[in-house]
Amino acid sequence: MTPVPRTSSIDSTLALLGEGYTFISARCDELRTDIFRTRLMLRPVLCMRGEAAAQLFYGSEDVTRVGSMPWTVLRLLQDKHSVQQLDGEMHRQRKKMFIDLAMSGGSVAGLVDRFRHHWFAQVGNRETGRSDLREIANLVLTKASADWIGIPGRNRDDRGLANSLARMIDNTGRLGPSAWLALMSRWRTERWLLKIVEAVRDGSLQLREECALKTICLLYRDADGRALSTEAAAVELLNLLRPIAAISRWIEFLCLALASDPNWRERFRSGHDEEIEGFIEEVRRLYPFFPFVGARLKKDLVWQDHPLRKGDWLLLDLYGTMHDPRLFPQPAVFNPKRGSSWRDGDFRFIPQGGGRPETSHRCPGEKITVEILQETLKLVCRSQSVRITPADAIVPLGSIPASPAPPISIILADAEPNAVAARSRR
């Protein structure tokens, strides 16, 4: 067996904060390996990339997500009562609920319809001029997801909720006062959702026949026949709201890709719907979203001839794996003809994880992400009133999560929501 290579630095925290998405791959290239040891926040960690590493993370029962993330990241992204903090049969049972909610055709179509409705309400009713795209998309997605979940409008402050969700997402990889303010936003949002859960369960909040709120609060039972606790139900409701709002970042990257090459927008405006999904999946491969994901080993094992020990903290480089030239030739080139698809369930194209969501920790929300991005592309490309700027924005990889700089804006001329609505449904 071969010992795992080590970095020369005693601790790599500052390097990670400075390099962001390229941190793991840069050291893998330097050490000529797909795994290395270092320390982050003075804690030993094994950093990994590549198809085999993704298979360990998403295709093996030898790892757990429990204890694999710093406390602030756990609280902002998932929380301790969430499905991601479960293993084995408990995880599969809870995960099935999310798969039923997030992957069934009728459910996803309902969310997309609400997204389209709120897009027209926001974009069509705005005065002409420049507007921040991510701000609009975040509000539209927040409204659409809250409607889809089944939370009545009278029980919501949509703009305040959108701001809170954005604060959680924007500060996931950061330290200091901004992270603490984001944690306060999470706490306040969970308190609000706890009241929603209690109102559903005591009958004071009436629900429509079928919705996620009813499923999570009233219908779900684990393998032992137990309902979710009030706290767990609130956490899982937030774990629907926040990831859907996070699609606003993908929307910004999607529009940047369209603006960077106007030929694509003209192509989609004139039809060619068969090329839309390839374009979207290449956006999700090329642009930075999740940088890496953590796990811990549940037992000793040998991986790629390297001895690993029970309890080892692992980080899988999602971004680096999808920019590995061995897997994706000329990885810096935007090429929608690569044939990547979330449906394949492989361990190469892993913007939201690898393997099958039914049997692993892969995110069950990729169908929602792709469908929302498809609808966004149609709405933007088939509207003569929307222009995207700037076309030459850059995406600094040193900041997690990354965003275009300067931010992407849409410039509205005379709005035409009815005409766009008709064309987007073709």
Side-chain angles (χ1 to χ4, degrees), residues 1-70 73-74 84-89 91-92 290-329 331 344-357 359-362 400:
M1 291 186 291
T2 307
V4 176
R6 296 178 181 270
T7 60
S8 57
S9 60
I10 297 175
D11 186 272
S12 298
T13 304
L14 292 179
L16 172 60
L17 294 175
E19 299 173 30
Y21 288 82
T22 62
F23 167 77
I24 294 179
S25 280
R27 279 148 190 80
C28 285
D29 291 342
E30 178 185 345
L31 296 168
R32 298 183 180 181
T33 181
D34 283 331
I35 182 172
F36 64 87
R37 290 188 182 275
T38 188
R39 287 179 178 269
L40 295 174
M41 298 171 289
L42 301 179
R43 295 165 59 191
V45 61
L46 291 166
C47 297
M48 314 170 75
R49 71 169 177 187
E51 189 172 8
Q55 191 159 6
L56 173 64
F57 271 69
Y58 290 100
S60 170
E61 294 285 344
D62 297 333
V63 298
T64 177
R65 297 298 188 269
V66 178
S68 66
M69 290 186 292
V73 176
L74 172 65
Q84 287 283 7
Q85 295 299 295
L86 302 175
D87 287 317
E89 186 58 33
H91 175 262
R92 283 187 285 272
F290 290 123
F292 34 73
V293 64
R296 282 197 179 274
L297 278 178
K298 295 165 66 175
K299 67 177 186 179
D300 294 352
L301 58 83
V302 177
W303 182 83
Q304 302 283 291
D305 201 38
H306 297 296
L308 310 183
R309 298 289 177 248
K310 178 180 178 180
D312 277 347
W313 179 29
L314 314 176
L315 285 182
L316 170 65
D317 186 359
L318 302 178
Y319 179 84
T321 297
M322 293 189 296
H323 288 75
D324 188 335
R326 297 169 298 179
L327 304 178
F328 299 93
D344 293 340
D346 63 19
F347 299 99
R348 300 166 60 254
F349 180 65
I350 53 172
Q352 291 176 251
R356 308 304 307 179
T359 56
S360 74
H361 280 271
R362 182 176 186 171
I400 300 176

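Using a 4.5 Å cut-off on side-chain heavy atoms (C-beta onward), D34 and R326 make contact. At least one side-chain heavy atom of D29 sits less than 4.5 Å from a side-chain heavy atom of R49. In this structure, the side chains of L16 and F292 come closer than 4.5 Å at one or more pairs of heavy atoms. Looking at R39 and V45, their side chains never come closer than 4.5 Å, going by heavy atoms from C-beta outward. With contacts defined as side-chain heavy-atom distances shorter than 4.5 Å, the pair Y21/D317 does not qualify.
For the atom pair CG of L46 and CG of L297, the computed distance is 7.5 Å after rounding to the nearest 0.5 Å. The CG atom of L301 sits 7.0 Å away from the OG atom of S60 when rounded to the nearest 0.5 Å. Here F290 contributes atom CZ and M322 contributes atom CE; the two are 10.5 Å apart, rounded to the nearest 0.5 Å. The distance from the OG1 atom of T64 to the NZ atom of K299 is 14.0 Å, given to the nearest 0.5 Å. Taking CG of D305 as the reference point, atom CD1 of I35 lies at 11.5 Å (rounded to 0.5 Å). One distance of note links CG of D62 with CZ of R296; it measures 15.5 Å at 0.5 Å rounding.
Taking the centre and axis of the six-membered ring of F328, the NZ or CZ atom of R348 falls inside the cone set by 45° and 6.0 Å. Annotation: cation-pi geometry satisfied between R65 and Y58 (NZ/CZ under 6.0 angstrom from ring centroid, within 45° of ring axis).
D312 pairs by the side chain to side chain donor-acceptor pair (under 3.5 Å) definition with nothing, not counting sequence neighbours.
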For this session: I would like to know whether L327 and T321 meet side-chain contact (heavy atoms from CB on, under 4.5 Å); could you show each step before the answer?
Result: CA-CA 8 Å; L327 304 178; T321 297; 3.8 Å; yes

For this session: For D324 and E51, run side-chain contact (heavy atoms from CB on, under 4.5 Å): C-alpha distance rounded to whole Å, both residues' side-chain angles, the deciding distance at 0.1 Å, then the answer.
Result: CA-CA 10 Å; D324 188 335; E51 189 172 8; over 6 Å; no

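R32 places no side-chain N or O within 3.5 Å of a backbone atom of C28 that could act as its donor or acceptor partner. Not one N or O on the side chain of D344 forms a donor-acceptor pair closer than 3.5 Å with the backbone of D346. Although no hydrogens or angles enter the test, the distance criterion places no donor-acceptor pair under 3.5 Å between the side chain of R37 and the main chain of V4. Formation of a donor-acceptor pair under 3.5 Å by the T13 side chain with backbone atoms of M41 is found in this model. The main-chain N or O of G355 is found under 3.5 Å from a side-chain atom of R362 such that the two form a donor-acceptor pair. D300 places a side-chain N or O within donor-acceptor distance of the main-chain N or O of K310, the cut-off being under 3.5 Å.
In plain terms, the two heavy atoms of I400 and P291 that are nearest each other are CG2-CG, 3.7 Å. The two atoms that bring G320 and S25 nearest to each other are CA-OG, 3.2 Å, heavy atoms only. Residues H306 and P3 approach most closely at ND1-O, 3.7 Å, considering heavy atoms. A pairwise comparison of heavy atoms in F23 and C47 identifies CE2-SG, 4.3 Å as the closest pair. Between I24 and F36, the shortest heavy-atom contact is O-CE2, 3.5 Å. Heavy-atom minimum distance, A53 versus L316: CB-CD1, 3.7 Å.
Under 3.5 Å, the side chains of S12 and S9 contain a donor-acceptor pair of N or O atoms.
Residue-environment remark: CZ (R6) stays at or below the threshold of 12 foreign heavy atoms within 6.0 Å.
Under the side-chain contact (heavy atoms from CB on, under 4.5 Å) rule, F57 has a single partner from L318, L315, L314, which is L314.
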